There are 2 protein chains.
Amino acid sequence: MRTFVAITDAGTFHEASDSLSISQQAVSKRVAALEKSLGVRLFTRTARGARLTVDGQAFLPHARALLRAEARAVASVRPGSRALRVDVISRRLAPGGLLSDFHRAHPDAELDAVTLRDADAAIAAVQAGTVDAAFRAVTVPAWQLPDGVAAVRVHDEPLQLLTGPAHEFADAGTIAMERLAGHRIWMPGIVAGTEWAAYYEDFAAAFGFTIEVTGPDFGTEPLLDTIARSAVLATFVGEQTRLLWPPEDDLRRVDVRDPTPVYPHSLIWRRDNPHPALALLRDHFASPRPGHLAPDAPGLTWAPDWAAR
Amino acid sequence: MRTFVAITDAGTFHEASDSLSISQQAVSKRVAALEKSLGVRLFTRTARGARLTVDGQAFLPHARALLRAEARAVASVRPGSRALRVDVISRRLAPGGLLSDFHRAHPDAELDAVTLRDADAAIAAVQAGTVDAAFRAVTVPAWQLPDGVAAVRVHDEPLQLLTGPAHEFADAGTIAMERLAGHRIWMPGIVAGTEWAAYYEDFAAAFGFTIEVTGPDFGTEPLLDTIARSAVLATFVGEQTRLLWPPEDDLRRVDVRDPTPVYPHSLIWRRDNPHPALALLRDHFASPRPGHLAPDAPGLTWAPDWAAR
DNA sequence: GTAGCCCGACAACCTCCGGTTGTCGGGACA
DNA sequence: TGTCCCGACAACCGGAGGTTGTCGGGCTAC
């Protein structure tokens, strides 16, 4: 690909071979191999150089796109001057409802999303500089964070109950929290010892339902399929979560009120991290965002006692 | 890259080696080479398989994007079932003002833009199936087109004069066509014998200015730079043309009235071409588009006599 | 505690991919 | 029509990248 693009830029095989620091014959061989593998001619060879065929013209922008993709891939792991790397909790809960929001506001800021084991790992990674920021529920007060690490609760994500059409709550639209008592909530994929598990333990204890984590996690598709077929199982998802499958009419979203459970996200970062996009991220989440609950909303919501303010 | 992604999908080196039909040792070597070239570890090796490191997680979406780019590149030249391939006239005149419009209306329709030598070559390519459609000024009446090839005049692009700040017309904003008489218009890059050359010959003859095509074409940047510095040279560009360089304040766009010159684009296609996106393209340009001159606008515009209706 | 198992790494070997140099035919141009 | 330059072809060669065989090291079962 690089050779192909170099030739279109240079105009002749010979000149391209210079810029690539290989021989003209090697360039010729590379092109011949590429043309053979594609099954089309990319250049018409003339006495005054190489000109693109129609296929070559159509191919060129895709070849350039490929080289750009390669450069971005390499840059994503280059120490120093890489894109902002942000830890977000498992996609099930909030697959970028947070970040896609930011992305719309700052389309040029490049982000790489990663997911660490739990908040402790995320905080350690932020301190180590392995990641630049994390969105996590923080279970400890601010003064217990490592030196130089800051955390601010920036986003309370309302949780909805997700049920199949045969479930008791399927057509309720909204239910009161007290009706959850005694019900079975299935949350496979939760890892014991994480802040995410702690959240659901406290949540279940506070309102008298049971959390089941049985079964290995085969991914979200079988999980949601099971939910869709079950009359008694339900699960929680973030309000912003967009499910890819199954079609939404196989599943029902049920709002919960009195109070509405919210998952408390804190933005965690290291104060001396100079990454320019990090400042954008902090500013974005420091200011109130229309359509989102402010974390200090009055008592209509529920979050664990330990959730940092 | 493919190996890297295969491992993340499979979970273990061994399983990935199966899906790639190579040995586990080869997979191990490939990963080691990739990690070495990137300078980071992508996997943590455990007794239960390979897990992504943080770098690996950040790298993964870029690796997938690269593979998608590769697939698109290959698909762009695959005979049958490739993206719609459209011939458009040299970018100088109308760099996708036509196609970006269509792209906004149909973001999913994949297009590859190519540029053939002239309208005759485009018509031949359409007939041969090398390209699926062409936007060209057609110099012959419809009944002289090859069998099965159709052409409909769909878009008249108004031309603006482009001058440097020292030019007589620089600050006029709008001029009457008659004022062009005796002026020098520089249009390097025009190839003799093309319908594009014929257009400008007729244009110049009709209103008494001169066209200069001297000088080899070094690309648009030096051309525009020359225009920007000259007090007597000017050139024509399509109204929709967005110039990348120099900054617009080094150049002046001057509207021409009484009449306004328009470049007549016909959409050319082969009637039995079943490409689904071609039908979209025809429908899009068959219907009136707000903000664009209809090709049958009254006598306020000028186009050559031969321009197909 | 320990035997077995499965995972990935390492070593040795070999093939052939992809580079090199040398040469050639053919179109453009003076 | 000679000259020049472009790209292709041939012959050769080193090493990148595949193979097989083997090993150490954690889980896991008993």
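Keep in mind that this is a model prediction, so the values were computed, not measured. Here is the naming used below: chain letters follow the sequence lines, and residue numbers restart at 1 for every chain.
- Comparing A:Ala47 and B:Glu35 along DNA chain C, the residue whose closest nucleotide (by nearest heavy atom) sits nearer the 5' end is B:Glu35.
- Salt-bridge check for B:Arg45 with B:Glu35: passed, with a basic side-chain N closer than 4.0 Å to an acidic carboxylate O.
- A:Ser23 comes within contact range of at least one nucleobase, with a heavy-atom separation under 4.0 Å.
- A:Ile22 has its CD1 atom 17 Å from the P atom of C:dC17, to the nearest Å.
- The distance between atom CD of B:Gln24 and atom C1' of D:dG18, rounded to the nearest whole Å, is 13 Å.
- Here the P atom of nucleotide D:dC4 and the NE2 atom of A:His14 are 15 Å apart, to the nearest Å.
- Nearest-nucleotide assignment on DNA chain C puts the 5′-proximal partner with A:Arg30, out of A:Arg48 and A:Arg30.
- In this structure, CZ of A:Arg41 is placed 10 Å from C1' of D:dG7, rounded to the nearest angstrom.
- Nearest heavy-atom pair across A:Leu111 and A:Val86 is CD2-CG2, 4.1 Å.
- In the set D:dT19, C:dG8, C:dG19, the nucleotide with an atom closest to the side chain of A:Ala26 is C:dG19.
- The nearest whole Å value for the distance from the CG atom in A:Asp18 to the C1' atom in D:dG7 is 15 Å.
- Counting atom types as modelled, A:Gln25 pairs no side-chain N or O with a base atom of D:dA11 as donor and acceptor under 3.5 Å.
- Regarding A:Lys29, its NZ atom lies at a distance of 12 Å from the P atom of D:dA11, rounded to whole Å.
- Across all strands, B:Ala50 comes closer than 4.0 Å only to sugar-phosphate atoms, never to a base (heavy-atom distances).
- B:Phe236 and B:Tyr263 have their aromatic ring centers separated by at least 6.0 angstrom.
- Put simply, CG on A:Leu34 is 17 Å from C1' on D:dA8, counting in whole angstrom units.
- OP1 or OP2 of C:dA9 has at least one side-chain nitrogen or oxygen of B:Ser28 nearer than 4.0 Å.
- Atom CZ in B:Arg51 sits about 16 Å away from atom C1' in C:dG8, given to the nearest Å.
- Residues A:Asp9 and A:Arg64 are paired through a salt bridge, judged by an N-O separation under 4.0 Å between the basic side chain and the carboxylate.
- Heavy atoms of B:Ala33 sit nowhere under 4.0 angstrom from any nucleic acid atom.
- In this structure, A:Phe43 and A:Phe4 have tilted ring planes: the angle between them lies in the 30° to 60° band.
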